[in-house]
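Everything below concerns the one structure shown next.
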Amino acid sequence: MLNQQSDSLPNKLVDKKVVLVLFHNDLRIDDNATVTKAATLAENNNGSLLLVYADSLADSIEVSNVTQASDSQAYQFDELGAARAQFLAESLADLDESLQRLGNRLLYLTSRQPSKPNDELKTSTFAQLCQMIEQQHVTDICVSRTADYAQNQVYALLQEKYPQIMWHSQSTNTLFALLPIEELPKSFTQFRKKIESNHNLLSAKDDVVLSGITELKPQASEPQAWPSLPNNLLINDSNLLFEMPKTEQPSTSEFKGGATSALSHVHDYFHSDAPSTYKITRNALDDWTSSTKFSAWLANGSLSVNLLLNRLRQYEREVVANDSTYWIWFELLWREYFYWYALVHQQRLFWFKGIAQQPPTTSLDETRLAQWKTGTTPYPIVNACMKQLLQTGYMSNRGRQIVASCLIHELGLDWRYGATHFEQYLIDYDVASNWGNWQYLAGVGADPRGCRHFNLAKQTQQYDPSGSFIFKWQGDNTDDYVLS
Ligand code: FAD
């Protein structure tokens with residue numbers, strides 16, 4: 001957890017502030033209390049502003065307790081899946097464009113140099129960040145609160161290393177700034193009931209006012225110009241400025257990263273009929289309008305969940321409020337629940353036995369795992385979903401439940417390998433939602449009913465009766481498969 005200093009404590013050593021924003025899952029400017037805070041601090045103190053995204057920051061330090069020694073293999077992968085990497089790059093490029101319009105730039109720290117494969121690896125992003133902090137005499141660091149255990153370890157390490165720097169952490173990623181009830185209940189249902197009885201967020205009468213957000217058009221509150229980068233940094237280190245990596249082909253995906261696309265999707269979605277039928281259509285395996293498709297933008301913070309809820313309430317006031325619009329809220333509450341769940345349980349989110357007393361009886365079998373990952377199991381519905389994930393970076397919620405159940409029950413595999421594969425490929429990867437859902441399905445998490453085992457034949461019959469989904473994603477190429 002952040003060891004936050006009070007904002008009222010004056011920093012007597014310097015009067016000119018150098019404020020550093022460390023972006024993580026808050027890749028937007030609109031409705032982003034972290035960047036607003038940083039800009040205000042710099043502006044009021046004749047200072048400058050360093051806006052930084054540090055790639056794989058947590059990977060570059062030794063994060064204790066996430067893994068137990070024998071588990072460490074479960075958490076490794078070489079590089080992000082192509083769709084996830086592309087979505088992130090687009091998100092950063094969009095953020096950089098917005099910052100340029102305000103007179104600043106996004107600084108990008110990375111230890112990878114894909115364009116120069118023969119060069120030696122650069123120093124770790126953590127080391128680069130420390131160098132920047134020291135060279136630029138950073139006085140204040142602004143971050144958004146996160147449930148990401150490893151990222152929080154990085155923040156703790158920085159605070160320990162630089163006790164003179166003032167830390168400012170804001171809530172930008174959740175509906176509630178603090179756990180909205182006394183303590184986190186063991187089940188989602190109890191959590192939801194408590195929220196709904198304690199907070200008037202179901203009201204469709206007024207704009208929802210959360211975390212100080214009242215505007216449906218966040219551009220209205222956007223500052224016109226911001227403090228710029230320190231001059232010496234721009235001149236000496238222009239290679240730090242974010243540049244969109246060159247890809248061989250332009251993306252054809254409907255998911256385009258960045259706040260601009262996020263707002264455009266919000267606009268289109270709520271100008272369609274889709275919200276009014278969400279509860280009926282949400283389980284479809286492969287249809288753009290069947291579910292909201294907001295998850296990827298929410299996950300990296302290019303979309304504000306408060307803005308989304310406001311737009312939902314506006315739709316309820318102006319178009320219709322029904323079971324379906326309620327269910328969108330219901331699902332957003334699941335997201336909220338897993339955020340607080342991850343914060344409460346910390347490194348236990350990654351443990352084989354999760355928050356349970358006993359570990360599951362499953363284990364690792366490399367061959368079966370490879371078959372699951374590549375979509376070559378004996379189960380066409382599972383294969384189709386896994387191929388969809390590899391090609392697009394997305395899989396429906398129904399699909400995720402089906403493939404997770406298959407990994408755990410049919411293939412008898414350790415659930416953490418499934419979670420790690422999702423981490424590598426999902427464009428909407430979110431540490432809390434991913435690991436929380438996997439624990440839930442593996443019976444070591446927040447599910448009072450224990451393990452969920454789906455009947456794959458029944459699921460296929462129900463969700464792909466014509467076989468069109470399996471056909472589209474070539475899920476039935478199982479001729480050579482022998483269950484080892
Ligand atoms: P919708 O059905 O339109 O739901 C609206 C929003 O509610 C979503 O965008 C999402 O923010 C939230 N939401 C919906 N269902 C859940 C849920 N079960 N848990 C938490 N939030 C939810 N979601 C992620 O955002 N990131 C992940 O890494 C992730 N990993 C998952 C792993 C497994 C094994 C499972 C079963 C689910 C996972 N989910 C994850 C939850 C869910 O599958 C996705 O949020 C959803 O499919 C995204 O599509 P959508 O935006 O159209 O969702």
Side-chain angles (χ1 to χ4, degrees), residues 25 80-81 84 87 147-148 173-175 188 191-192 254-255 262 265-266 269-270 272 274-275 277-309 311-312 324-342 349 354 372 382 385-386 388-389 392-408 413 415-447 451-452 454 459:
N25 289 336
L80 293 184
R84 187 173 169 208
F87 190 83
D148 184 333
N173 196 24
T174 46
L175 292 170
F188 168 73
F191 174 75
R192 177 182 59 77
E254 281 156 310
F255 291 101
H265 179 46
V266 170
Y269 185 73
F270 287 105
S272 75
T277 54
Y278 169 80
K279 194 170 179 211
I280 305 158
T281 57
R282 58 183 281 270
N283 275 309
L285 291 170
D286 197 11
D287 173 11
W288 179 253
T289 54
S290 59
S291 64
T292 69
K293 306 294 186 298
F294 287 129
S295 56
W297 291 284
L298 286 172
N300 75 16
S302 45
L303 175 61
S304 148
V305 67
N306 288 309
L307 180 133
L308 181 57
L309 185 60
R311 194 58 192 81
L312 175 65
S324 283
T325 56
Y326 171 79
W327 217 260
I328 296 174
W329 148 258
F330 180 96
E331 295 299 343
L332 289 175
L333 265 195
W334 263 112
R335 175 180 179 274
E336 197 79 7
Y337 179 68
F338 280 129
Y339 175 90
W340 298 109
Y341 179 90
L349 196 64
W372 180 81
V382 172
C385 290
M386 296 306 290
Q388 180 191 29
L389 173 64
T392 66
Y394 182 79
M395 192 193 295
S396 67
N397 185 55
R398 175 59 44 185
R400 294 177 206 205
Q401 295 184 63
I402 290 172
V403 303
S405 173
C406 172
L407 179 128
I408 296 160
L413 294 169
W415 64 272
R416 294 164 307 157
Y417 291 88
T420 305
H421 185 69
F422 272 24
E423 176 170 348
Q424 183 175 8
Y425 285 97
L426 275 179
I427 54 169
D428 64 16
Y429 172 70
D430 170 83
V431 66
S433 290
N434 186 57
W435 290 82
N437 269 292
W438 272 98
Q439 283 201 349
Y440 183 92
L441 291 166
V444 295
D447 185 2
C451 232
R452 305 256 165 171
F454 291 81
Q459 295 285 312

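Numbering of residues begins at 1 and proceeds along the displayed sequence. Order of listing sets the numbers, starting from 1, for every ligand and every atom in it.
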- Message: Going by the closest heavy atom to atom 2 (O) of ligand 1, which one wins out of Trp435, Phe188, Tyr278?
- Response: Tyr278

- Minimum heavy-atom distance between Gly418 and Trp438, given as atom pair plus value: C-CZ2, 3.5 Å

- Item | Tyr339: partners by ring-ring contact (aromatic ring centres under 6.0 Å, His included), with sequence neighbours left out | none

- Message: Distance check, rounded to the nearest 0.5 Å: Leu407 atom CG versus Ile402 atom CD1?
- Response: 14.0 Å

- Query: Quick one: does Lys293 get within less than 4.0 Å of ligand 1, heavy atoms only?
  - Reply: yes

- Task: Mind checking ring-ring contact (aromatic ring centres under 6.0 Å, His included) for Trp288 and listing every partner two or more places apart, or none if nothing turns up?
- Result: Phe255, His265

- Task: Work out whether the distance between some heavy atom of Leu298 and some atom of ligand 1 is less than 4.0 Å.
- Result: yes

- Query: Can you tell me the protein heavy atom closest to atom 8 (C) of ligand 1 and the distance?
  - Reply: Ser295 CB, 4.1 Å

- Distance from atom 34 (C) of ligand 1 to nearest protein heavy atom, with residue and atom: Trp438 NE1, 3.5 Å

- Message: Between Arg452 and Tyr440, is there a side-chain donor-acceptor contact under 3.5 Å, judged purely by atom types and distance?
- Response: yes

- With heavy atoms and a 4.0 Å threshold, my read on which part of Asp428 contacts ligand 1 is both

- Query: Which residue holds the protein heavy atom closest to atom 6 (C) of ligand 1, what is that atom called, and what is the gap in Å?
  - Reply: Leu332 CD2, 3.9 Å

- Message: Quick check: Tyr394 and ligand 1, any N/O pair under 3.5 Å apart?
- Response: yes

- Query: Looking at atom 22 (C) of ligand 1, what's its closest protein heavy atom, distance included?
  - Reply: Glu331 O, 3.7 Å

- Query: Any N/O of Trp334 closer than 3.5 Å to an N/O of ligand 1?
  - Reply: no

- Classify the angle between the aromatic ring planes of Phe191 and Tyr337 as parallel (below 30°), tilted (30 to 60°) or perpendicular (above 60°). tilted

- Query: Can you check whether Phe338 has an N/O within less than 3.5 Å of an N/O in ligand 1?
  - Reply: no

- Message: Using a 4.0 Å cut-off to any heavy atom of Leu441, which atoms of ligand 1 qualify?
- Response: 34 (C), 36 (C)

- Message: Taking the basic N atoms (NZ, or NE/NH1/NH2) and the acidic carboxylate oxygens, is any pair closer than 4.0 Å for Asp428 and Arg400?
- Response: yes

- Task: Would you mind listing which atoms of ligand 1 come within a distance below 4.0 Å of any non-hydrogen atom of Asp430?
- Result: 26 (N), 27 (C), 28 (O)

- Query: Between Tyr341 and Gln439, do the side chains contain an N or O donor and an N or O acceptor separated by less than 3.5 Å?
  - Reply: yes

- Quick one: which ligand 1 atoms are inside 4.0 Å of a heavy atom on Arg335? 11 (O), 20 (C), 21 (N)

- Query: Side chains of Asp430 and Ser433: is there a donor and an acceptor less than 3.5 Å apart?
  - Reply: yes

- Give the residue and atom name of whichever protein heavy atom lies nearest to atom 41 (C) of ligand 1, and the separation in Å to one decimal. Asn437 ND2, 3.7 Å

- Query: Got the closest protein heavy atom to atom 42 (C) of ligand 1, with its distance?
  - Reply: Asn397 OD1, 3.3 Å

- With no hydrogens and no angle check, do the side chains of Glu423 and Asn434 hold a donor and an acceptor under 3.5 Å apart? no

- Message: Taking distance alone, with N or O pairs closer than 3.5 Å, would you say Ser396 contacts ligand 1?
- Response: no

- Which protein heavy atom lies closest to atom 5 (C) of ligand 1, and at what distance to 0.1 Å? Thr292 OG1, 3.5 Å

- Query: To the nearest 0.1 Å, how far is atom 44 (C) of ligand 1 from its closest protein heavy atom, and which atom is that?
  - Reply: Arg400 NH1, 3.7 Å

- Item | Gln401 N/O to ligand 1 N/O under 3.5 Å | no

- Query: Would Asn306 and Arg311 count as having a side-chain donor-acceptor pair, cut-off 3.5 Å?
  - Reply: no

- Message: Could you tell me if Thr277 and Lys279 have a donor-acceptor pair between their side chains, going purely by distance under 3.5 Å?
- Response: no

